[in-house]
Amino acid sequence: RGSFYIESSGPIPHDASPTVLEAAIEGIHGFGDVEVSRSDGDGQNGFIWLITFVDYRGDIDPLQASSSLTGKSATISVNEVTKGNELSGHFSLSFGSMVTDLIPCNTSAENLQASLENLDVIGPVNVYMDPRIDMEGGRAFAITFLDPDVGDVPLLFVDTTYLKGSGASIYVSEEIKGSKSSRDALYVSFDLPSGCSYSPVENGVCGAPITEVAVEVSTSENFIGMPISYQYHPDFSTQVIRTSCPGTAPPCQLTGYFNIEYGGDLTSPISSNASEVDVRIALERLPGINTVGVTRKHGFRTVSGACIDVVAGSYSVTCSHSCSPCNFGSKGIAAGAIIELESKRFRVSSTYDAVQEAFDLAMVADSSVKEVYVGENDLVEWDLLVWTGGYEWIVALHSTVKTAVRFTA
């Protein structure tokens with residue numbers, strides 16, 4: 001029983017909840033945002049708290065704890081689980097035989113664009129930087145080659161000789177394959193369907209992961225004769241971990257833990273609502289993985305047999321004439337359900353009775369408060385996306401000991 005202190009905090013109860021300890025640490029100047037989880041109590045009412053410093057860049061000295069705990073031999077100790085880290089230094093990019101000047105690791109989109117356009121062989125490019133910068137100073141850029149005559153371009157080569165930080169690496173991947181008009185070539189691009197692990201998370205829905213794709217091409221409309229077949233092996237350098245409730249009913253409240261296997265090694269248990277940092281730490285502790293980047297978002301599924309119309313500036317969602325009747329209620333759309341429109345989340349208004357072929361949008365924080373859809377264009381015959389009750393963690397394997405292989409769960 002009793003209490004304890006962290007640095008200059010006030011007294012913290014011996015059984016403080018994660019929220020209470022989080023508030024106490026965030027109240028100490030200089031630490032910024034933290035995430036806290038807590039174990040169950042042991043036989044003597046002792047606890048273990050895991051504290052992750054989200055805003056703090058670089059390593060941090062162990063927290064100083066002092067005790068006002070009561071009970072025989074009651075103590076408190078602080079141990080470092082994962083050493084802090086921060087990117088520093090420079091890198092360079094090369095395209096063919098041309099190499100940029102050294103670029104600082106905290107460069108801006110404008111500076112990166114200027115460095116690339118200074119290479120005579122590249123031409124105009126557009127560079128966008130993701131505004132999210134991770135706790136170690138890592139950032140992501142999207143580079144679009146604008147010359148219409150350049151066609152498909154090879155990947156940029158990265159030199160990280162002067163990049164510093166534990167596990168420091170830069171990963172380059174192709175998002176959209178380039179092409180130019182040609183009378184004797186056909187460029188094909190496609191998205192692979194969402195894969196699942198071998199775990200029977202959704203029996204009857206998920207199959208084994210895709211290991212190979214075959215594309216057949218024929219000069220005959222009916223593929224009569226001998227079509228030409230091309231094999232494509234998926235790139236596992238970016239993978240998505242998904243959790244969800246099965247079926248079409250309103251999503252359940254997911255709890256508990258899961259593990260990810262990579263190269264025969266298993267992570268420690270990962271919470272069903274784990275943060276990006278939690279998943280990243282768990283994966284980087286595996287011997288086959290050096291550095292990953294993780295982003296998390298709510299998991300959504302497309303409601304089968306329903307499409308919607310939404311007027312920009314309105315909060316009303318109606319069933320499109322081409323899909324009528326949508327039967328929203330029988331497909332898991334109920335008051336308070338979370339849906340997504342163009343990457344923005346809304347709730348179904350609390351006034352919806354699950355019978356009508358239209359419903360109003362409401363704030364995620366309060367389904368009784370209506371919220372308008374603010375978009376550049378009206379949505380017509382739009383897919384209706386409803387929350388699955390779970391999350392999606394998009395994992396980019398920046399550096400691995402061997403060629404990246406797929407996760408299983």
Side-chain angles (χ1 to χ4, degrees), residues 128 130-132 140 142 175 191-196 201-202 205-206 238-254 272-276 279 294-320 322-324 326-354 356-396:
Y128 167 79
D130 190 321
R132 296 172 297 181
E175 293 291 322
D191 292 324
L192 296 180
S194 300
C196 295
V201 179
E202 291 183 276
V205 177
C206 296
T238 299
Q239 303 185 47
V240 182
I241 301 168
R242 295 182 177 89
T243 59
S244 64
C245 294
T248 60
C252 64
Q253 183 63 46
L254 283 178
S272 60
N273 62 349
S275 68
E276 298 172 350
V279 174
V294 181
T295 56
R296 190 191 80 165
K297 63 180 183 179
H298 283 69
F300 288 87
R301 64 173 175 83
T302 301
V303 178
S304 178
C307 58
I308 58 174
D309 297 336
V310 187
V311 177
S314 166
Y315 49 71
S316 179
V317 176
T318 59
C319 175
S320 298
S322 60
C323 295
S324 182
C326 288
N327 297 320
F328 293 133
S330 65
K331 297 174 180 176
I333 306 302
I338 296 178
I339 66 170
E340 184 179 69
L341 298 176
E342 291 199 311
S343 300
K344 178 175 173 56
R345 289 179 290 131
F346 300 87
R347 283 194 186 273
V348 175
S349 173
S350 59
T351 60
Y352 182 57
D353 59 6
Q356 302 299 317
E357 291 286 275
F359 58 84
D360 292 337
L361 299 172
M363 297 177 61
V364 171
D366 187 347
S367 63
S368 67
V369 180
K370 294 180 181 179
E371 182 174 9
V372 300
Y373 161 69
V374 180
E376 294 183 359
N377 301 296
D378 297 344
L379 304 182
V380 179
E381 297 183 358
W382 205 256
D383 285 340
L384 177 57
L385 302 178
V386 62
W387 186 38
T388 62
Y391 295 94
E392 295 184 356
W393 294 267
I394 303 169
V395 181

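Position 1 is the first residue of the sequence, and the numbers go up from there.
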Derivation and outcome, side chain to side chain contact (heavy atoms under 4.5 Å, CB included), residues Val303 and Ile339: CA-CA 10 Å; Val303 178; Ile339 66 170; over 6 Å; no

Drop me the distance from [X]'s [atom1] to [Y]'s [atom2], to the nearest 0.5 angstrom.
X: Cys326; Y: Leu384; atom1: SG; atom2: CG; answer: 8.0 Å
X: Cys319; Y: Asn327; atom1: SG; atom2: CG; answer: 8.0 Å
X: Thr318; Y: Asp360; atom1: OG1; atom2: CG; answer: 10.5 Å
X: Lys297; Y: Arg242; atom1: NZ; atom2: CZ; answer: 8.0 Å
X: Leu341; Y: Leu361; atom1: CG; atom2: CG; answer: 6.0 Å
X: Ile338; Y: Leu385; atom1: CD1; atom2: CG; answer: 13.0 Å

Who are the ring-ring contact (aromatic ring centres under 6.0 Å, His included) partners of Phe346, not counting sequence neighbours?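 ring-ring contact (aromatic ring centres under 6.0 Å, His included) list for Phe346, sorted by chain: empty.
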
How about Glu340 and His298: do any of their side-chain heavy atoms sit closer than 4.5 Å?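 No, too far: nothing below the 4.5 Å cut-off.
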
Any idea which heavy atoms bring [X] and [Y] closest together, and the distance?
X: Ala312; Y: Asn377; value: CB-O, 4.0 Å
X: Cys323; Y: Ala306; value: SG-C, 4.1 Å
X: Ser350; Y: Ser368; value: OG-CA, 3.5 Å
X: Tyr373; Y: Val311; value: CD2-O, 4.1 Å
X: Leu254; Y: Gly389; value: CD1-O, 3.4 Å
X: Val279; Y: Ala274; value: CG2-CB, 3.9 Å

Does [X] use its side chain to pair, donor to acceptor, with the backbone of [Y] at less than 3.5 Å?
X: Thr302; Y: Asp383; value: no
X: Glu381; Y: Ile308; value: no
X: Arg347; Y: Gly336; value: yes
X: Arg296; Y: Asn273; value: yes
X: Ser314; Y: Ser316; value: yes

Just do the side chain to side chain contact (heavy atoms under 4.5 Å, CB included) check on Val380 and Ser320 with the steps written out, would you? CA-CA 7 Å; Val380 179; Ser320 298; 5.6 Å; no

Start with the C-alpha distance between Asp309 and Asp378, add both sets of side-chain angles, then the distance that settles side chain to side chain contact (heavy atoms under 4.5 Å, CB included), and finish with yes or no. CA-CA 8 Å; Asp309 297 336; Asp378 297 344; over 6 Å; no

State plainly whether the residues Lys344 and Glu371 are in salt-bridge range, i.e. N to O under 4.0 Å.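 Judged by the 4.0 Å cut-off on N to carboxylate O distance, Lys344 and Glu371 do form a salt bridge.
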
Polar contact flag, side-chain donor to acceptor under 3.5 angstrom, Thr351-Ser349: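 Their side chains do contain a donor-acceptor pair, which is all the 3.5 Å distance test asks for.
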
Classify the angle between the aromatic ring planes of Phe359 and Phe328 as parallel (below 30°), tilted (30 to 60°) or perpendicular (above 60°).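 Perpendicular.
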
Please work out which of the three classes, parallel, tilted or perpendicular, describes the rings of Trp387 and Tyr391, given edges at 30° and 60°.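 Aromatic pair Tyr391/Trp387 classed perpendicular.
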
Does the side chain to side chain contact (heavy atoms under 4.5 Å, CB included) test come out yes or no for Val386 and Lys331, once each step is laid out? CA-CA 10 Å; Val386 62; Lys331 297 174 180 176; over 6 Å; no

